[in-house]
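Right, one structure below, let's go through it.
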Amino acid sequence: MTAVVTAYNYGRFLSDCVDSALSQEDVDARVVVIDDCSSDETPRVTSELCRDPRVTAVRNDANLGLVRSFNKGMELVESEYVVKLDADDLLPPGAWARATALLELHPEVALVYGQPLHFSTSAPDVAPGPAKSWTIWAGHDWVACRCQSGANVISQPEVVVRTAALREAGGLSTEGPAVSSDMNLWLRLAAIGDVARINGTCQGFYRVHEASMLRTISAGKVRDLQGRRGAFDAAFAATAGTLPDARALHLLARRSLAATALDEACRAFDRGHTEDWPVEDLVAFALTTCSDARRLDEWTRLEHRRSVGADRAKWHPQFFADAVARRISDELRRRYWLRCGEW
């Protein structure tokens, strides 16, 4: 098992990240670190890490970005399984052993993921233990579920990929937004093999901080939706386009994203945030994403709110009830995602 760790000015996190990979039990753990021309203490940290023969480090002569750096690291991978790991993320005890056990029993599975825990200070204290259960989807069915919701259900460090499938998929794609390259990859891998999830235990620690992509490049409602649209578009232009109903699935994904954008616009009216939420940008996104956007139920609901007016909408009994119901639904979906990996 090899973790390919891309690092750019994350020297303060890098040692803990690599240690969390090397400390995985019951697997032959290896780490490849690609220093993307960092200007902080990363070169010193990687030099110290390479005292362990299980660690290989390469420094780029120029900044190549996350996608090309990861693909460069993949060229050095010789193991059967690989993990894409950002330098600010961590792995919980037993994660790799649980994933490899599943992959060994199910050679048709291209990738396996599990529950991630998001943290911002110290890593959560999670005791090692066996998986409570597994879920395995046919790759086509998993893609169809993603298209139905338009959502990305994977954070990243919780994923283990079969190296052969990753090479068949062509690694991370340079097509589409870099920020959604992971989602693009999961979709392309699901078109090659099946997808599995380990249930009942944490498989990855995802760090959220002010410099993380979640807070910087991918910040903002419209930008997030644009990233997801780019991931679907690029995936269906590649291996996902070979699925028998690829065109219908692609249209479903874009329709779902348009509906999500319009629902976000409705939320702005319900919460009295029309002045500070990008309502018109969300509407423009929906119209450019789905040719039938004006026929969606979410469009009708938004028009109703517009007719009432921004000042009165948040006090409207029906819209207030909608907002309450939506919050309950969001929380139930979040809990379902944590338990089952679906959204």
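Count residues from 1 along the sequence.
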| message | Quiz question: by atom type and distance under 3.5 Å, do the side chains of D28 and S79 form a donor-acceptor pair? | response |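 No.
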
| Using a distance-only test with no angle check, is there a side-chain donor-acceptor pair under 3.5 angstrom linking R229 and T289? |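 T289 and R229 do have a side-chain donor-acceptor pair below 3.5 Å.
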
| said: Using ring centroids (six-membered ring only for Trp), state whether H118 and F205 fall under 6.0 Å. | reply: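 No, too far apart.
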
Are any of the side-chain nitrogens in [X] or [Y] under 4.0 Å away from the carboxylate oxygens of its partner?
| X | Y | result |
| --- | --- | --- |
| D270 | R305 | yes |
| R146 | D141 | no |
| D86 | K84 | yes |
| E41 | R44 | no |

| query | Taking N63 for the side chain and D36 for the main chain, is one N or O donor matched with an acceptor at less than 3.5 Å? | reply |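 Flag set: sc N63 to bb D36 pair under 3.5 Å.
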
| query | When you measure from the side chain of Q24 to the backbone N and O of S20, does any donor-acceptor pair fall under 3.5 Å? | reply |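 Such a contact is found between Q24 side chain and S20 backbone.
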
| Aromatic rings H316 and H304: how do their planes relate, parallel, tilted or perpendicular, breaks at 30° and 60°? |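 Answer is perpendicular, since the angle exceeds 60°.
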
| said: In terms of relative ring orientation, are F13 and Y10 parallel, tilted or perpendicular, with 30° and 60° separating the classes? | reply: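 F13 vs Y10 ring planes: perpendicular.
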
| Are Q203 and P116 side-chain neighbours, meaning at least one heavy-atom pair lies under 4.5 Å? |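 When only atoms from C-beta onward are counted, P116 and Q203 do not touch, as no gap falls below 4.5 Å.
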
| request: Evaluate the salt bridge (Lys or Arg N to Asp or Glu O under 4.0 Å) criterion for residues R326 and D322: first the C-alpha distance (whole Å), next the side-chain angles of each, then the deciding distance (0.1 Å), finally the verdict. | output: CA-CA 6 Å; R326 191 188 290 113; D322 288 348; 5.6 Å; no

